[in-house]
Amino acid sequence: MKRRNLLAATAALAATPLAGPHAASPTTVRWWYHFDDPKASPAALVAAFEKANPDIRIHAESIPWGGGSDYDNRLYTTLVSGAGPDCAMVKLENLGRLMEMQALKDLGPWVDAWSGKSDIDPNIWRINTAPNGVRYYLPVQYVVLYLYVRQDWLDAVHLAPPKTFPEFLRAAQAMTEKGHWGFGLRGGPGGQDFWATFVLGGGASLTKGGLVTPAATAANAWFIDLYREWKVCPPSAPTDGFLQTINNMKAGVTGMTIHHIGSANELVAALGNRINAVPVPRGPKGEGWATFGDGSNAVFTHSRNQEAAWRWISFLSTGQNNVAFNILTGQVTVTTSGARHWTAEPERFVKATLDSLPIAKVFPAIPATAEFVSTVWPQTTQKALLGEITPAAMMQIFEKLYFG
Amino acid sequence: MARARAARLRLFFGTELPLLAILAFGLLPWFWMMLSALRPEADWTHLPIRFLPTRLTLSHVVSLLAGTSFLGNLLNSLVVALGTLVFGLALALPAAYAFSRFRFRGRRGFRVLFLVVNMFPVVLLILPLFVIFRRLSLLDTYPALILADATFALPFAVWLLTGYMETIPRDLDEAAMIDGATRLQTMRLVILPLALPGIVAVGIYLFIASWNEYLFALMLSGERVRTVTVALQMFIGENQVHWGLLTAGGALVALPVVVLFLAVQRHLVGGLTGGAVKG
Amino acid sequence: MRRLPAGGRAALTPWALLAPALLATGVVVFLPVLDALWMSLHQFVLFRPNVEPFVGLANYVTLLGDPTFWASLGRSLVWVGAGVSAQFALGFAAALLLNRRFAWRGMARALIVVPWALPSVIIGLVWTWMLDFNLGVINALLLRLGLVAHSIAWLAQPGTAMIAVILALTWQGFPFFAVTLLAGLQGIPREHYEAAAIDGAGALGSFWHVTVPGLAPVMATALLLRMIWVANSLDLIFVMTGGGPGTATETLPLYAFLKAWTGLDYGYGSALAVVLTLLLLAVVILYAARASA
């Protein structure tokens with residue numbers, strides 16, 4: 001970090017005392033988290049942990065999510081300047097970046113010696129292991145994206161929830177009429193999960209050349225045509241984000257959309273039994289892609305309290321603690337023991353989540369993914385939806401980003 | 001009678017009605033937000049749109065005030081914004097006086113330099129600023145936010161104040177000094193009262209600049225001095241947008257500024273022609 | 001500085017008055033700006049803190065050949081031109097009206113600041129909500145008044161998206177002009193209006209010959225400052241469209257922001273920021289040259 005010297009020197013000139021935050025007690029663990037509900041507090045979990053571990057104090061700090069980039073920048077800035085927390089909630093889309101920063105502690109030895117290891121589903125361990133085989137992330141919550149459907153609308157047109165792409169298109173067309181659209185497509189940030197279901201789950205793959213094969217290009221053209229050709233999505237779809245797609249479902253404007261169990265209670269409050277969920281449809285060869293929405297904790301290499309931090313995060317991923325944690329976050333427990341008696345959401349949504357696990361996938365943990373998700377995907381897809389570029393050109397842009 | 005009636009009509013059509021139109025543009029979105037905060041949740045996604053709520057509810061406001069740290073954050077914002085106002089004026093007034101009353105080498109260059117630093121997009125300064133403030137042990141303190149907010153608003157404050165001070169005829173302070181007043185006395189007794197409308201306008205500018213600031217508050221403060229802009233951002237989660245909390249908070253967050261402005265608006269008019277327009 | 005002394009000490013007085021402001025600006029702004037300048041000469045990506053080679057002007061060379069840079073510069077011109085003029089026109093009208101005498105003007109003056117007193121994220125969300133295709137009150141009103149036949153997807157079409165963000169910007173910014181110009185109006189001596197009235201000038205005449213010239217210095221400063229502010233502001237666009245659809249509302253500072261904040265490419269982001277600053281500096285120098293002429 002040579003370049004920092006200029007600033008460090010000038011700052012030192014202006015500086016007076018040099019008391020760092022590390023002057024605090026060596027057994028205080030600083031942990032950063034973000035919960036969707038500002039009223040939710042981890043205080044009870046902290047108290048239970050401190051009671052069981054009197055030698056450790058937990059300083060839990062909520063950091064604004066800000067679409068992800070606010071949380072990430074706060075984290076990276078503090079990590080780069082050595083003022084970061086000991087451990088924090090992290091997501092797989094940032095694994096590649098954090099690995100490049102060499103900011104992550106290898107949790108492998110601790111995980112292998114940990115009694116809670118076997119209580120976490122092997123699928124979840126598989127997804128949360130880094131490409132180099134190391135375990136940097138300890139899973140603490142998850143969701144799998146599935147398809148929300150208006151069961152009453154489907155019943156009215158005598159169709160079952162779609163399992164394949166042609167069935168999906170037929171259902172979407174049948175539900176589209178004046179003021180109603182079959183599919184609430186999300187072209188704004190976060191929409192890459194919709195795209196992945198139909199394009200990565202329909203013939204394209206995130207390997208060199210895999211995004212520009214004829215099958216990949218055809219799958220993408222089909223995806224864009226949902227909006228352009230068959231018009232089964234609202235005209236506002238290119239910039240619709242999470243709020244708009246869910247509101248459109250609640251308002252009875254759209255018949256299907258893709259999201260996870262985090263919106264189940266909200267949708268049931270608005271629609272009752274009329275809302276149902278099933279795994280997303282699968283591609284022509286039976287492949288499929290249901291984006292795995294991960295949530296983990298990581299310990300940072302600069303921390304002086306790594307062992308204490310591990311004790312805290314492993315506490316959060318254990319049995320009933322993890323159940324309590326996920327009631328706070330509105331996601332699903334990663335423990336098999338906890339999932340058996342899960343009652344936070346109606347059963348059909350839990351079933352759709354578990355049924356989706358076999359096709360649960362994530363974007364590769366390399367730095368390009370973060371850029372793909374935050375800017376390249378929305379900008380490029382919106383241009384294709386507006387007809388400014390062709391679906392084939394869209395795939396070439398993605399290929400170039402990922403594989404140069 | 002008829003003349004008075006004609007004058008009243010002219011006032012209404014020439015002044016009050018156009019102003020009402022401008023105020024409607026300025027206030028209706030705010031009212032709509034307030035109305036959203038007072039509606040039951042089901043109203044937000046009801047089609048066709050309900051212009052009037054089915055019933056009024058305080059549940060979102062109660063949940064905001066009792067269930068979140070919003071009130072404490074509002075207080076933090078108030079401390080930081082008032083601190084910015086005082087500290088900013090303390091720095092800007094002498095500087096503006098120097099620019100408007102002295103001719104010295106480098107005057108124009110320094111004025112431009114002042115402005116130039118303000119032009120630099122803040123997002124690219126946040127990383128070095130974080131390092132400096134950490135060195136100064138200022139992270140997560142009121143002084144950090146006050147110092148950052150006031151300094152970044154300073155160029156605007158200095159330029160605006162200089163502009164207002166330049167409209168005050170120079171013979172007034174020369175006369176005061178011939179009468180034996182010192183520089184400081186001249187500034188206090190002649191310039192400050194005459195520049196009061198400008199000072200009030202700049203004070204409001206400083207207050208609002210700090211009131212709405214997000215990036216510094218996000219990066220330089222933690223939970224201890226979290227301001228209201230950051231608190232509002234906390235209502236937008238990864239998978240959930242707390243519309244009730246956001247609209248209730250958005251409606252409330254403007255109120256302290258309105259109250260402040262109501263208290264000082266009399267001083268916004270005054271100065272040279274005070275007698276003529278004071279109402 | 002007891003009395004107005006002659007010679008050396010008098011020359012120091014302005015510097016003494018400027019010292020606190022210069023010191024604060026030096027530490028809080030100038031040092032970080034220098035650092036950002038230095039950053040722009042490196043290939044500096046935040047998540048590669050150990051690999052940051054000095055690349056000289058390479059970032060600037062890339063920038064000149066970057067079509068996104070030129071396109072975002074063009075959109076910035078539209079954003080600043082339309083946004084500042086609309087804010088100014090509305091704010092000036094409000095200032096003139098608020099300067100008149102009527103019963104409820106104290107309340108009117110206080111209420112006019114409401115849009116300005118709201119954080120950008122709230123403004124962005126509320127306008128997005130009001131402009132919503134299905135649930136937005138604006139489409140509902142236009143439909144009810146028969147002004148449109150179908151709802152308009154304001155934020156999903158390039159042309160209307162730009163109009164929408166400029167509308168929200170105008171809403172946010174016009175109170176700034178209302179307040180600063182209202183304060184400026186107080187500096188125009190009343191005798192000037194009386195003299196104009198004696199010369200037989202009507203309302204329009206005294207507006208053109210007294211108000212406009214009397215307000216000109218404050219007006220010019222306020223316009224210049226607001227232009228700089230608007231040219232740098234990006235949070236409304238970021239919240240409402242994220243620069244989309246496609247890149248239809250991506251202005252230069254938003255491009256720099258996305259590069260740095262979400263792309264973590266602080267080297268290139270800094271280069272973009274430096275160029276934006278130089279362009280604004282040119283405007284200020286032109287302004288200063290004209291003002292002193």
Side-chain angles (χ1 to χ4, degrees), chain A residues 4 6-8 10-12 14-21 34-39 59-68 70-71 73-74 76-78 80-83 91 143 179 190 241-243 246-253 259-263 266 269-270 293 295 329-331, chain B residues 40-50 62-70 73 123-140 214-215 217-224 226-227 229-246 249:
Chain A
R4 293 278 118 216
L6 166 88
L7 190 78
T10 43
T16 33
L18 258 164
H34 62 91
F35 288 173
D36 274 1
D37 183 356
K39 297 194 288 293
H59 179 79
E61 191 165 2
S62 71
I63 304 294
W65 180 242
D70 289 6
Y71 186 90
N73 269 277
R74 183 91 201 251
Y76 297 144
T77 303
T78 51
V80 164
S81 55
K91 287 182 69 89
V143 285
F242 160 72
L243 187 64
I246 293 299
N247 276 345
N248 284 343
M249 282 302 283
K250 287 200 221 167
V253 170
H259 201 237
H260 54 68
I261 200 159
S263 342
E266 219 180 309
T329 62
Q331 303 209 359
Chain B
E41 252 162 71
D43 272 21
W44 298 331
T45 50
H46 188 273
L47 280 177
I49 285 179
R50 293 193 166 118
V62 169
S63 142
L64 174 79
L65 299 183
T68 74
S69 58
F70 189 78
N73 302 130
V123 63
L124 287 147
L125 304 181
I126 205 77
L127 182 62
L129 206 58
F130 181 88
V131 175
I132 293 175
F133 275 44
R134 182 162 175 253
R135 287 268 167 171
L136 296 169
S137 299
L138 283 177
L139 291 178
D140 204 12
Y214 175 67
L215 212 51
L218 170 74
M219 298 296 282
L220 303 179
S221 76
E223 281 180 331
R224 226 174 338 149
R226 181 159 285 165
T227 63
T229 45
V230 181
L232 287 168
Q233 191 76 48
M234 303 287 288
F235 302 156
I236 308 165
E238 195 185 348
N239 299 303
Q240 230 181 331
V241 177
H242 297 267
W243 194 247
L245 296 176
L246 269 174

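Computed over heavy atoms, backbone and side chain alike; hydrogens, waters and symmetry mates excluded. Just so we're on the same page: letters track the sequence lines, and every chain starts at 1.
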**Student:** Quick one: which of A:Gly252, A:Ser62, A:Gly66 has the most heavy-atom pairs under 4.5 Å with chain B, could you say?
**Tutor:** A:Ser62

**Student:** With sequence neighbours excluded, what pairs up with A:His259 under the side-chain contact (heavy atoms from CB on, under 4.5 Å) test?
**Tutor:** A:Tyr148, A:Arg186, A:Phe242, A:Ile246, A:Ser263, B:Asn239

**Student:** What are the two closest heavy atoms between A:Glu61 and B:Gly222, and how far apart are they?
**Tutor:** OE2-CA, 3.1 Å

**Student:** Kindly compute the distance separating NE2 (B:His242) from CG (A:Asp36), expressed to the nearest 0.5 Å.
**Tutor:** 6.0 Å

**Student:** Which residues satisfy the side-chain contact (heavy atoms from CB on, under 4.5 Å) test with B:Asp43, sequence neighbours excluded?
**Tutor:** B:Arg39, B:Pro40, B:Arg50, B:Pro53, B:Thr54

**Student:** Is A:Val253 close to chain B through its backbone or its side chain, or both, or neither, when contacts mean heavy atoms under 4.5 Å?
**Tutor:** side chain

**Student:** Is chain A contacted by the side chain of B:Leu138, its backbone, both, or neither, given a heavy-atom distance below 4.5 Å?
**Tutor:** neither

**Student:** Look up atom CG in A:Leu243 and atom CG in B:Leu246, then write down how far apart they are to the nearest 0.5 Å.
**Tutor:** 9.0 Å

**Student:** How long is the straight-line distance from CD of B:Gln233 back to CG of A:Asp70, given to the nearest 0.5 Å?
**Tutor:** 5.5 Å

**Student:** Do you know which of B:Glu41, B:Arg226, B:Glu238, B:Gln240 has the most heavy-atom pairs with chain A at a distance under 4.5 angstrom?
**Tutor:** B:Glu238

**Student:** Any side-chain heavy atom of B:Tyr214 within less than 4.5 Å of one from A:Pro64?
**Tutor:** yes

**Student:** Side chain, backbone, both or neither: which part of B:Ser63 has an atom under 4.5 Å from a heavy atom of chain A?
**Tutor:** both

**Student:** Is a donor on one side and an acceptor on the other found under 3.5 Å between the side chain of B:Arg134 and the backbone of A:Ser81?
**Tutor:** yes

**Student:** How long is the straight-line distance from NE2 of B:His46 back to NZ of A:Lys250, given to the nearest 0.5 Å?
**Tutor:** 14.0 Å

**Student:** In Å, rounded to the nearest 0.5 Å, how long is the span from NE2 of A:His34 to CE of B:Met234?
**Tutor:** 10.5 Å

**Student:** Side chain, backbone, both or neither: which part of B:Leu218 has a heavy atom under 4.5 Å from chain A?
**Tutor:** both

**Student:** Please look at A:Asn248 and chain B and tell me whether the side chain, the backbone, both or neither of the residue comes under 4.5 angstrom of a heavy atom of that chain.
**Tutor:** neither

**Student:** Could you measure the distance from the NZ atom of A:Lys39 to the CZ atom of B:Phe235? Nearest 0.5 Å is fine.
**Tutor:** 8.5 Å

